[in-house]
Amino acid sequence: MFDNPYSTAVLAWYETNARDLPWRRDDATPWSILVSEIMLQQTPVVRVLPAWEAWLERWPTPAHLAEEPSGEAVRMWNRLGYPRRALNLHAAACAIVERHGGEVPAAHADLLALPGVGSYTAAAVASFAFGRRHAVLDTNVRRVLARAHTGVQYPPKAQTKAETALAESLVPPDAAVAARWAVAVMELGALVCTARSPACADCPIAAQCAWRLAGKPAYEGPPRRGQTYAGTDRQVRGRLLAVLRESPAPVPKSALDVVWQEPVQRERALDALVADGLVDPLEDGTYALPS
DNA sequence: AAGGCGTGGCG
DNA sequence: TCGCCAAGCCT
């Protein structure tokens, strides 16, 4: 039996508080929505906006991207971070052309089969682009439900079955309403029920929020591990790839060697980039983005 | 299933 | 300052 005590207030709040994001406009396509979802994985909206515009200007359909070498996708990705997403998007475009006649599929299972598309992204695209009824559970929604429903400040580090079950129990029966609920509760988490300083005074469900009613108890549990960056392989990979992105031609290894002093770590990072398909070692000893 | 994978802004 | 955080995915 469906009982979502938050949906009416959250939906009404969304009507007047939603951001005007380009991938939410009427002229957004399933492809442009898929691109936005991949770009938004672990990446703030403000940084995605210009990248999304440029990407769709150049590749307005999956077929346009599929025609190009994967390295062009990596180059276009610029400094968005996690560049394997560019490779995934290129491979997804190829798969969409080969398996779906160039049209982004609407079925969750078909979306899930695309590289770089996990359960969240598949549900988001099915919901936002096609109006399908799915639980859309991202970090924003997890935080809202942790607070409003469970009464704790933060969700657990790894997503649990209980969270999935809760999210599914809250999906409105009607598909169109469900899609609206999905984007609305995400937006609430992004704008009001934020991680560091939630604006409870502006929250449409503050009166029903279990965490607020309990006096906003502080998070209890294992320390949430922060990802260090300086000195890691990730930083080295980032520097190596930046050299290749910025060079229109293949580069000699000496151009890569200068970005990191320590040779063992440098070689390990380069080997990993090659293994990941982000870098192509050419026969003449130079390196390039993949073709 | 815990940890790797980029980047940059903010409190 | 520097740790935390930002519409996760993959192995």
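The structure displayed is predicted, hence computed values, not measured ones. Just so we're on the same page: letters track the sequence lines, and every chain starts at 1.
Here the separation of dC5(B) from dA7(C), taken at their P atoms, is 22 Å to the nearest Å. Atom name P, nucleotides dC4(C) and dG3(B): the rounded distance is 15 Å, in whole Å.
The side chain of Arg47(A) sits closest to dG8(B) out of dG11(B), dG8(B), dC9(C). In this structure, the nucleotide among dC9(C), dG6(B), dA7(C) sitting nearest to the side chain of Arg234(A) is dG6(B). In this structure, of dG8(C), dG6(B), dC5(B), it is dC5(B) that holds the atom nearest to the side chain of Asp233(A). Listed nucleotides dC5(B), dA7(C), dT7(B) differ in distance to Arg245(A); the shortest reach to its side chain belongs to dT7(B). Taking only side-chain atoms of Ala195(A), from C-beta outward, the nucleotide of dC9(C), dA7(C), dC5(C) with the closest atom is dC5(C).
A donor and an acceptor atom sit less than 3.5 Å apart, one in the side chain of Thr43(A) and one in the base of dG6(B). Judged by distance alone, with hydrogens and angles left aside, Arg196(A) brings no side-chain donor or acceptor close enough to the base of dG11(B) to form a pair under 3.5 Å.
Within the 4.0 angstrom heavy-atom criterion, base atoms lie near Arg24(A). Using a 4.0 Å heavy-atom distance criterion, Ser36(A) is classed as making no nucleic acid contact. Within 4.0 Å of Val117(A), counting heavy atoms only, lie sugar-phosphate atoms of the nucleic acid but no base atom. Using a 4.0 Å heavy-atom distance criterion, Arg268(A) is classed as making no nucleic acid contact. Within the 4.0 angstrom heavy-atom criterion, base atoms lie near Leu21(A). Residue Trp23(A) is classed as a base contact, given a heavy-atom separation below 4.0 Å to a base.
Thr121(A) has a side-chain polar atom (N or O) that falls below the 4.0 Å cut-off from OP1 or OP2 of dC9(C). Considering only side-chain N and O atoms, Tyr229(A) lies under 4.0 angstrom from the phosphate OP1 or OP2 of dT7(B). Under 4.0 angstrom from either OP1 or OP2 of dA6(C) there lies no side-chain N or O belonging to Gln42(A).
Spacing between atom CZ of Arg237(A) and atom P of dT7(B) amounts to 10 Å, rounded to whole angstrom units. Tyr82(A) has its OH atom 15 Å from the P atom of dG3(B), to the nearest Å. As rounded to whole Å, 9 Å separates atom C1' of dT7(B) from atom CG of Leu80(A). Atom OH in Tyr154(A) sits roughly 12 Å away from atom C1' in dG3(C) (whole-Å rounding). Whole-Å rounding puts the Met39(A) CE to dG6(B) P distance at 16 Å. Per the geometry, NZ belonging to Lys157(A) stands 15 Å off C1' belonging to dC4(C), to the nearest Å. Note: OH (Tyr120(A)) to P (dC9(C)) measures 8 Å, nearest angstrom. Atom CD of Gln41(A) and atom P of dC10(C) are 8 Å apart (whole Å).
One finds the CD atom of Glu68(A) at 7.5 Å from the NE2 atom of His90(A) (value rounded to the nearest 0.5 Å).
Heavy atoms only, all atoms of each residue included: Leu270(A) and Leu240(A) are closest at N-CD1, 3.8 Å. Between Leu114(A) and Ala95(A), the shortest heavy-atom contact is CD2-CB, 3.9 Å.
Ring geometry for His134(A) against His108(A) counts as tilted: the plane angle lies between 30° and 60°, on a 0 to 90° scale.
Two residues, Met186(A) and Gly116(A), neighbour DNA chain C, and the one matched to the more 5' nucleotide by heavy-atom proximity is Met186(A). A residue-by-residue look at Arg79(A) and Ser197(A) shows that Arg79(A) has its nearest nucleotide of DNA chain B further toward the 5' end.
For the pair Arg24(A) and Asp20(A), the minimum side-chain heavy-atom distance is 4.5 Å or more. Taking the side chain as every heavy atom from C-beta outward, Glu37(A) and Trp23(A) never approach each other to under 4.5 Å. When side chains are defined from C-beta on, Trp260(A) counts as touching Gln265(A), because their heavy atoms get closer than 4.5 Å.
For dG6(B), there is no paired base (Watson-Crick or G-U wobble, both distances below 3.5 Å).
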